[in-house]
Protein chains: 2
Amino acid sequence: MQRGLVNPSRPRRPTMIDVARHAGVSLKTVSRVINGEPTVATELADRVLAAVADLGFRRNDIAANLRSSEVSRTIGLLIEEIANPFYASIAAVVAEIAATHNTMLITVSCEEDPEREKSLLLNLCQRRVDGLLVVPASQDHSYLRREVQMGMAAVFLDRPPGQLLADTVLVDNRGGSQSAVQSLLAAGHRRIGILLDSLTVFTMRERLAGAQAAMATAGVRYDTALVRDEVRAPADAARAVADMLAHPDPPTAFFCLNNRITVGALEELWRRGNDAGLVGFDDFEFAHLMPRPFAVIAYDPKELARVATDQLFRRIGGEQGWPITRVLPTHLVDRGIVDRGVAA
Amino acid sequence: MQRGLVNPSRPRRPTMIDVARHAGVSLKTVSRVINGEPTVATELADRVLAAVADLGFRRNDIAANLRSSEVSRTIGLLIEEIANPFYASIAAVVAEIAATHNTMLITVSCEEDPEREKSLLLNLCQRRVDGLLVVPASQDHSYLRREVQMGMAAVFLDRPPGQLLADTVLVDNRGGSQSAVQSLLAAGHRRIGILLDSLTVFTMRERLAGAQAAMATAGVRYDTALVRDEVRAPADAARAVADMLAHPDPPTAFFCLNNRITVGALEELWRRGNDAGLVGFDDFEFAHLMPRPFAVIAYDPKELARVATDQLFRRIGGEQGWPITRVLPTHLVDRGIVDRGVAA
DNA sequence: ATCACCTGAGACAACGATGTCATGTTTCGA
DNA sequence: TCGAAACATGACATCGTTGTCTCAGGTGAT
């Protein structure tokens with residue numbers, strides 16, 4: 001039973017065989033023309049191209065890929081969520097570099113769910129992508145070991161893999177945090193409030209460790225009453241700041257471990273006209289338009305993506321060797337408002 | 001020559017045949033077990049599953065898809081650039097809805113280049129994605145006609161297709177613009193500066209037309225000296241504002257046709273302490289933290305994406321019928337600063 | 001006890017392309 | 001003028017799955 005007869009409104013896509021018949025040549029000749037092999041007589045090639053145009057033929061990449069199983073020219077990127085500007089800028093860089101390798105990008109968001117992470121990554125493996133870029137949510141990636149052994153390229157970024165050796169690109173979270181707190185200490189602050197998301201996240205643990213190290217080095221007491229975790233949305237940060245300021249011995253400065261928190265804290269301090277010191281980890285767009293001064297520990301997420309993607313394509317290209325870990329530097333940036341003369 | 005012997009470091013992936021041999025069953029039985037068909041004796045199924053675990057077998061979706069060419073469970077999304085928050089939030093919604101259909105998303109950015117748009121979309125067709133979501137950059141999509149005829153689902157969003165009939169979801173650019181300008185006129189403004197990106201973009205033409213209509217209705221002269229196009233970056237907007245304010249009969253209000261322009265204009269007016277009226281098309285994050293009051297024509301990009309994606313999956317699901325165009329409403333939102341008492 | 005029926009399992013073709021090899025034709029030098 | 005090399009073309013197997021069909025063996029009704 002021919003499909004063409006069953007559903008005439010949606011014609012079956014022509015295959016190379018149809019083109020061959022239409023042009024009066026063999027299947028293989030069509031294949032040669034489509035793939036630009038030079039050993040075809042001009043006259044035949046023209047007939048084939050005419051048939052291609054006539055029938056609206058377009059090669060089925062799925063079939064081609066199955067036969068010549070070299071590369072699918074597709075890579076996968078796993079992140080938290082694409083709506084987050086941090087990840088969006090990473091995805092942009094990855095897609096751009098991939099395009100130069102004639103490769104498309106499947107981006108999947110796991111939303112901090114380890115189960116989802118696993119199922120998405122294995123699903124990508126089933127689709128036989130050429131490689132994986134992973135910002136992991138879980139701490140156990142042993143389920144990827146076999147895939148990697150069987151040739152799946154994988155590079156982790158922003159956070160390291162767990163139970164798996166793989167190429168990794170990180171940011172110097174600890175060092176950046178250390179210098180953030182050092183700058184507050186140097187300005188004379190001794191009571192520093194620290195706000196963080198969740199300790200289940202690698203970057204948060206590292207940043208907190210850096211802050212503790214800086215305080216220990218300076219001989220300043222690390223008071224757990226001045227530390228709040230599970231601060232997720234900006235509004236949580238605002239509440240935490242208000243809360244800490246009500247403390248009998250309140251902080252005179254705040255260190256926010258990500259930019260969502262920074263925005264919330266900043267908004268609250270600004271609302272109160274409180275001039276506490278404020279340093280946030282991560283820069284962000286519009287930081288220069290915020291209504292009060294603060295500082296950030298900045299680094300380039302694009303560079304992170306660039307280094308990781310380049311490494312991935314090196315592996316896809318067949319580069320052998322032990323997994324490599326690279327740590328990118330951070331730097332302190334003083335961020336003010338558009339015009340500091342605001343109060344004047 | 002076996003590949004395993006050529007490159008023993010990267011073992012060949014096991015296929016169903018390997019699993020079948022290892023479990024002492026037929027190929028087809030493996031296929032049945034993998035696909036959860038119920039007609040397999042428990043004892044055999046267990047042997048197959050053990051072999052799968054032993055060998056680290058993972059089904060090749062490419063081959064499966066080739067054989068049973070139903071759906072590839074992949075859709076394509078074409079946008080300008082993923083780093084733009086507007087498109088990132090669209091991509092997030094599309095990916096989320098796609099996930100509920102067990103479908104992954106390939107996002108490609110054409111960066112306003114019509115040639116790139118064409119090649120990317122046709123490339124996606126070659127990959128046999130199940131459907132396309134398109135924010136078009138070009139004005140001629142006749143090259144998609146054959147693909148659509150042959151069953152490729154396609155939905156356009158934010159901007160309409162050219163030379164092609166297809167499902168489309170738009171925003172009421174004209175109406176929104178009209179009410180923006182009406183609000184400025186109602187506040188007594190008669191000289192209104194208009195800043196826009198490029199007239200090659202559909203949304204810009206529509207928004208400008210809406211502004212003109214509002215002025216015509218009110219009997220206010222449309223002075224081309226107060227219109228600037230090719231305003232791309234915020235800095236361009238700042239310059240344009242400065243320039244217009246130097247006009248002998250300067251504008252007392254500005255209408256910015258996108259949010260990048262709004263930010264630049266706002267920054268310049270704030271720097272000058274100028275209290276001109278300001279309305280921008282498109283809301284944006286942090287708008288409520290900006291250092292001076294203004295208004296925006298807001299709409300929900302997520303709703304845009306939701307409606308378009310739902311329609312796409314309806315088409316993928318086989319829904320027939322003529323292409324549909326939907327236009328989503330906008331509304332005016334007064335946006336101020338965190339605390340209007342800033343100057344106090 | 002016989003036969004129709006059901007069910008589980010395997011053999012084989014098919015999906016749409018590419019790789020390999022064989023074949024027929026042309027070309028060119030001796 | 002002939003033979004070998006070079007080239008253009010096609011026949012056929014193949015990639016890793018799933019769909020179709022067949023068949024053996026067990027079940028229940030008559």
Side-chain angles (χ1 to χ4, degrees), chain A residues 1-4 6 11-48 51-52 55-73 125-128 150-151, chain B residues 1-4 6 11-48 51-52 55-73 125-128 150-151:
Chain A
M1 191 159 47
Q2 282 179 264
R3 248 182 294 174
V6 172
R12 191 175 62 89
R13 289 195 96 103
T15 71
M16 281 195 181
I17 295 187
D18 300 318
V19 174
R21 260 200 281 277
H22 197 268
V25 299
S26 80
L27 164 63
K28 183 64 200 184
T29 298
V30 175
S31 167
R32 283 198 255 264
V33 173
I34 296 294
N35 292 295
E37 290 177 34
T39 67
V40 179
T42 329
E43 194 252 339
L44 279 198
D46 287 349
R47 256 165 48 206
V48 168
V52 165
L55 301 176
F57 169 82
R58 200 164 293 286
R59 185 181 71 175
N60 184 331
D61 280 352
I62 295 191
N65 191 243
L66 174 62
R67 181 60 180 90
S68 70
S69 68
E70 6 152 276
V71 286
S72 62
R73 301 225 169 279
C125 290
Q126 289 205 181
R127 285 165 184 254
R128 299 293 190 267
M150 292 195 283
Chain B
M1 191 158 45
Q2 281 180 266
R3 249 183 291 174
V6 173
R12 192 175 62 88
R13 288 196 97 103
T15 71
M16 281 194 180
I17 295 187
D18 300 318
V19 175
R21 259 200 281 275
H22 197 267
V25 299
S26 81
L27 163 63
K28 183 65 201 185
T29 298
V30 176
S31 168
R32 289 198 176 98
V33 174
I34 296 294
N35 292 296
E37 290 178 34
T39 68
V40 180
T42 331
E43 194 251 340
L44 279 198
D46 287 347
R47 257 168 44 212
V48 169
V52 166
L55 301 176
F57 169 82
R58 201 164 291 288
R59 187 181 70 175
N60 185 330
D61 279 353
I62 296 192
N65 190 244
L66 173 63
R67 181 60 181 88
S68 70
S69 65
E70 5 153 279
V71 286
S72 62
R73 301 225 169 280
C125 289
Q126 291 206 177
R127 287 164 183 256
R128 298 294 190 266
M150 293 194 283

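So you know, we letter chains A, B, ... as the sequences are listed, proteins then strands, and number each from 1.
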Test salt bridge (charged side-chain N to carboxylate O under 4.0 Å, His left out) on A:R12 and A:D18 and set out the steps.
-> CA-CA 11 Å; A:R12 191 175 62 89; A:D18 300 318; 3.3 Å; yes
Expressed as a whole number of angstroms, how long is the span from [X]:[atom1] to [N]:[atom2]?
X	N	atom1	atom2	value
B:R58	D:dG16	CZ	P	17 Å
B:E43	C:dG8	CD	P	15 Å
A:L27	D:dA11	CG	P	9 Å
B:K28	C:dA9	NZ	C1'	11 Å
B:R67	D:dG19	CZ	P	7 Å
A:I34	C:dT18	CD1	P	8 Å
B:M16	C:dA14	CE	P	20 Å
B:R12	D:dG16	CZ	P	6 Å

Verify the contact: side-chain N or O of [X] to OP1 or OP2 of [N], cut-off strictly under 4.0 Å; return yes or no.
X	N	result
B:S26	C:dG10	yes
B:S31	D:dT18	yes
B:N60	D:dC15	no

Is any side-chain heavy atom of A:V52 closer than 4.5 Å to a side-chain heavy atom of A:V48?
->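 Yes, at least one pair of side-chain atoms sits under 4.5 Å.
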So, does the side chain of A:R32 form a donor-acceptor pair with the base of D:dG10 at under 3.5 Å?
->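 Yes, a donor-acceptor pair under 3.5 Å.
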Of B:P38 and B:A63, whose nearest nucleotide on DNA chain C comes first from the 5' end?
->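 Looking at DNA chain C, the more 5' nearest nucleotide goes with B:P38.
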Ignoring the backbone of A:T29, work out which of D:dT18, D:dT9, C:dA9 is nearest its side chain.
->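 It is D:dT9.
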Scan [X] against the nucleic acid and name what it touches under 4.0 Å (heavy atoms): base, sugar-phosphate only, or nothing.
X	result
B:R59	sugar-phosphate
A:N35	sugar-phosphate
B:N65	nothing

Indicate the atoms forming the closest heavy-atom contact of A:A51 with A:A23, along with that distance.
->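 Between these two residues, the closest heavy atoms are CB-CB, 3.9 Å.
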How many angstroms lie between OG1 in A:T15 and CZ in A:R58, if you round to the nearest 0.5 Å?
->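 A:T15 OG1 to A:R58 CZ: 15.0 Å, rounded to 0.5 Å.
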To the nearest 0.5 angstrom, please state how far the CD atom of A:Q126 sits from the CG atom of B:D61.
->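 Rounded to the nearest 0.5 Å, the CD-CG separation comes out at 4.5 Å.
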For side chain to side chain contact (heavy atoms under 4.5 Å, CB included), just list the numbers for A:V19 and A:L55, CA-CA rounded to whole Å, side-chain angles, deciding distance to a tenth of an Å, and then say yes or no.
-> CA-CA 7 Å; A:V19 174; A:L55 301 176; 4.1 Å; yes
Side-chain donor-acceptor pair present, B:N65, A:R127, cut-off under 3.5 Å =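 The answer is no; no qualifying pair exists.
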Axis bend over the full length of the helix from C:dA1-D:dT30 to C:dA30-D:dT1, computed from five pairs that close each end, to 10 degrees |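 Terminal axis comparison yields 40°.
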